[in-house]
2 protein chains.
Amino acid sequence: MVANESLPHPGREDIELTAVLFALSDEARLALVRQLQAGPLDMVDCSALGPEVPKSTRSHQVKVLREAGVIVSELHGRNRRLTLRREDIDARFPGLLESVLPE
Amino acid sequence: MVANESLPHPGREDIELTAVLFALSDEARLALVRQLQAGPLDMVDCSALGPEVPKSTRSHQVKVLREAGVIVSELHGRNRRLTLRREDIDARFPGLLESVLPE
DNA sequence: ACCATAGTTCGATAATAGTTGAACCGTCTG
DNA sequence: CAGACGGTTCAACTATTATCGAACTATGGT
């Protein structure tokens, strides 16, 4: 398995509410999503997960959000660019992000 | 510890978002909360948790929702009456329930 | 071409959560 | 007042999730 391959993301229709809620039920992941509100961010610049956190742990947290369909993780240069899937989540569960993320 | 004692419920201000999201991130618990949308229900009448589920398991599921502040569980005769804390959740996280429960 | 960077994956371990039977407790009904 | 009923709690077990080091891999810069 090559790190380069584009990682699997669920299609919009495959996003499950319980998976989204679970992904957001963790302080660190919620903080990351909140940070992504302002726009896409390279993983390395995401301070939300904490500076002291090993990269394998960070990778895991991002994976949970990605597999739940909350974020997109694309290869961008030698970084991963993380993007909140706002339109998809809004389409599937209108009002959810608005209620969970601060204004 | 007596079963009769009123069980601990967090005050409105102590309800934490991550705990609520976690409580709702389980299909059975989510189904129960959806059932409670229509109004309070005695625990014994809650079909959402499934009919084959042992009572200790049901008690545990209800506990998670109660401790998260999602529902109130009051002694009502020899039953437990479950009530969705709609006002409290709405006050703390406006729009959340509306987005998570079907219209 | 080399090396540093950013990140994934794997494997092990720790921590948390779920499931269930058994024992128990109040309340209601007869 | 003796059941039956509806639940809670406990303890043991299982299952899922989190954490993190180590090995590995593209990529970009020099």
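Per chain, numbering begins at 1; letters A, B, ... match sequence-line order.
In terms of position along DNA chain D, the nucleotide closest to A:His60 lies nearer the 5' end than the nucleotide closest to the other residue of the pair A:His60 and A:His76. Residue A:Arg29 is the one, among A:Gly77 and A:Arg29, whose nearest nucleotide of DNA chain D lies closer to the 5' end (criterion: closest heavy atom).
Considering only the side chain of B:Met43, D:dG7 comes nearest among D:dG6, D:dG7, C:dT8. Here the nucleotide nearest the side chain of B:Ser59, chosen from C:dT27, C:dG7, D:dT9, is D:dT9. The side chain of B:Ser73 lies closest to D:dT8, out of D:dT8, C:dT20, D:dA4. The side chain of B:Leu75 approaches C:dT27 more closely than any other nucleotide in the set C:dA6, C:dT27, D:dT8. Closest to the side chain of A:Arg80, from the set D:dT19, C:dT8, D:dG7, is C:dT8. Relative to the side chain of B:Lys55, the nucleotides D:dT27, D:dT8, C:dT8 differ in distance, and D:dT8 lies closest. Closest to the side chain of B:Phe22, from the set D:dT9, C:dT19, C:dG18, is C:dG18. When distances run from any side-chain atom of A:Leu7 to the nucleotides D:dT9, C:dA6, C:dT9, the shortest one goes to C:dT9. Checked against D:dA18, D:dC10, D:dT19, the side chain of B:Ser56 finds its nearest nucleotide in D:dC10. Distance from the side chain of A:Thr57 is smallest to D:dC20 among C:dT20, D:dC20, C:dT8.
Rounded to whole angstrom, the span from the CD atom of B:Glu67 across to the P atom of C:dG18 amounts to 11 Å. Look at CG on B:Asp42: it is 16 Å from P on D:dC5, rounded to the nearest Å. Taking atom CD of residue A:Glu52 and atom C1' of nucleotide D:dA18, one finds them 18 Å apart after rounding to whole Å. Atom pair A:Lys63:NZ and D:dT19:P shows a separation of 14 Å (rounding to whole Å applied). Between the CG atom of A:Asp45 and the P atom of C:dA6 there is a distance of 9 Å, rounded to whole Å. At whole-Å resolution of the value, CG in A:Leu24 and C1' in D:dT17 are 16 Å apart. If you take CG of A:Leu82 and P of C:dT8, they are 8 Å apart, rounded to a whole angstrom. If you take CG of B:Leu49 and P of C:dG18, they are 13 Å apart, rounded to a whole angstrom.
Residues A:Arg86 and A:Leu97 come closest through the heavy atom pair CA-CD1, 4.0 Å. Between A:Arg34 and B:Leu17, the closest heavy-atom pair is NH2-CD2, 3.6 Å. Nearest heavy atoms, A:Gln61 versus A:Leu49: CB-CD2, 4.1 Å.
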Apply side chain to side chain contact (heavy atoms under 4.5 Å, CB included) to residues A:Val62 and A:Arg58 and explain how you reach the verdict. CA-CA 6 Å; A:Val62 167; A:Arg58 290 156 57 93; 5.5 Å; no

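For the pair B:Glu67 and B:Pro8, the minimum side-chain heavy-atom distance is 4.5 Å or more.
Of the options B:Leu36, B:Val33, B:Leu84, a side-chain contact (heavy atoms from CB on, under 4.5 Å) to B:Leu65 is made by B:Val33 and by none of the others.
Dashed line: the shortest gap from a side-chain N or O of B:Gln61 to OP1 or OP2 of C:dA17 is not under 4.0 Å.
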